[in-house]
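In this chain, residues are counted from 1 in sequence order. No hydrogens, no waters, no symmetry mates; every other heavy atom, side chains included, goes into these values. In this text the structure is predicted, and so the values were computed from the model without any measurement. Every number for a ligand or one of its atoms is a count from 1 in the order of the listing.
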Amino acid sequence: MINIGILNLQGDVQEHLEATLNAAGKMGIECEISKVKTAGEVSKCHGLIISGGESTVIGKLVKEEGIDQVIKEQKIAVLGTCAGMVLLGNKTDYQQPLLGLIDMQVKRNGFGNQRLSFERQIEIFGEKFPGIFIRAPYVSAVGDGAEVLSQIDDKIVAVQKGKYLAMAFHPELTQDTRIHEYFIKEVINCVE
Ligand code: GLN
């Protein structure tokens, strides 16, 4: 049975849990979906979702718990949204711990502060998605093997590198579960 964990250190964890449960329900897939916060719990996951929140806080706790090692050693698929996108990258303009799973330069708070949060329709794989951007990062450059899935003007807002998926926006804050469905499919592909 596929096991997907929602990293429960800080941020909008419950929203991701509900979105993932809804996505699996729509797909008619039986999988174990739960909040996880220790290296031991993460090690049982095939896929891990890192929510929005504060990337500095989540990154520090991930290192302290040794969760970064587990993700890398066990080659766990990861969906990172907003702060999660920052953590998936290997370069930011801040001094902060990163997972460095995707070679990309991330501009933290790239769209401005909380008051400059906005909603915008974005396009991924030729389909339109509702994008909620809250103190969102963007990616200014990607390295080898990283595929740009979506951008707003010259700002990259969705990137995939194999089993790693980074979104600058918050799919978990909408009723649209297609991003979570896509991630579940990717996790299944990795396990098979
Ligand atoms: N700007 C935050 C950070 O870099 C992310 C904001 C969010 O996740 N909504 O941690």
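A side-chain donor-acceptor contact under 3.5 Å links Q160 and Y182.
Between Q96 and R108, some side-chain heavy-atom pair lies under the 4.5 Å cut-off. Counting only heavy atoms from C-beta outward, the side chains of L48 and I71 approach each other to under 4.5 Å. Using a 4.5 Å heavy-atom threshold, the side chains of T177 and K26 count as touching.
Between V106, I134, T81, it is I134 that holds the heavy atom closest to atom 9 (N) of ligand 1.
Inclusion of R108 in the set of residues having an N or O under 3.5 Å from an N or O of ligand 1 is warranted. Checked against a 3.5 angstrom limit, the closest N/O atoms of A83 and ligand 1 fall inside it.
The single protein non-hydrogen atom nearest to atom 10 (O) of ligand 1 is S55 N, 2.5 Å, given as residue, atom name and distance. Given atom 7 (C) of ligand 1, the protein heavy atom at minimum distance is C82 SG, 2.8 Å. Here the heavy atom of the protein found nearest to atom 1 (N) of ligand 1 is N109 OD1, 2.4 Å.
With a heavy-atom cut-off of 4.0 Å, E54 touches ligand 1 through backbone and side chain alike.
Within the structure, ligand 1 has G53 among the residues with a heavy atom less than 4.0 angstrom away.
A cation-pi arrangement is found for R178 relative to F129, the charged atom lying closer than 6.0 Å to the ring centre and inside a 45° cone about the ring normal.
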* Under the side chain to side chain contact (heavy atoms under 4.5 Å, CB included) rule, what do V36 and I67 come out as? Steps first, then yes or no, please. => CA-CA 10 Å; V36 291; I67 290 171; over 6 Å; no
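For the pair K155 and D153, the salt-bridge criterion is not met [side-chain N within less than 4.0 Å of a carboxylate O].
Below 4.0 Å from some heavy atom of G52 lie the following atoms of ligand 1, by number and element: 8 (O).
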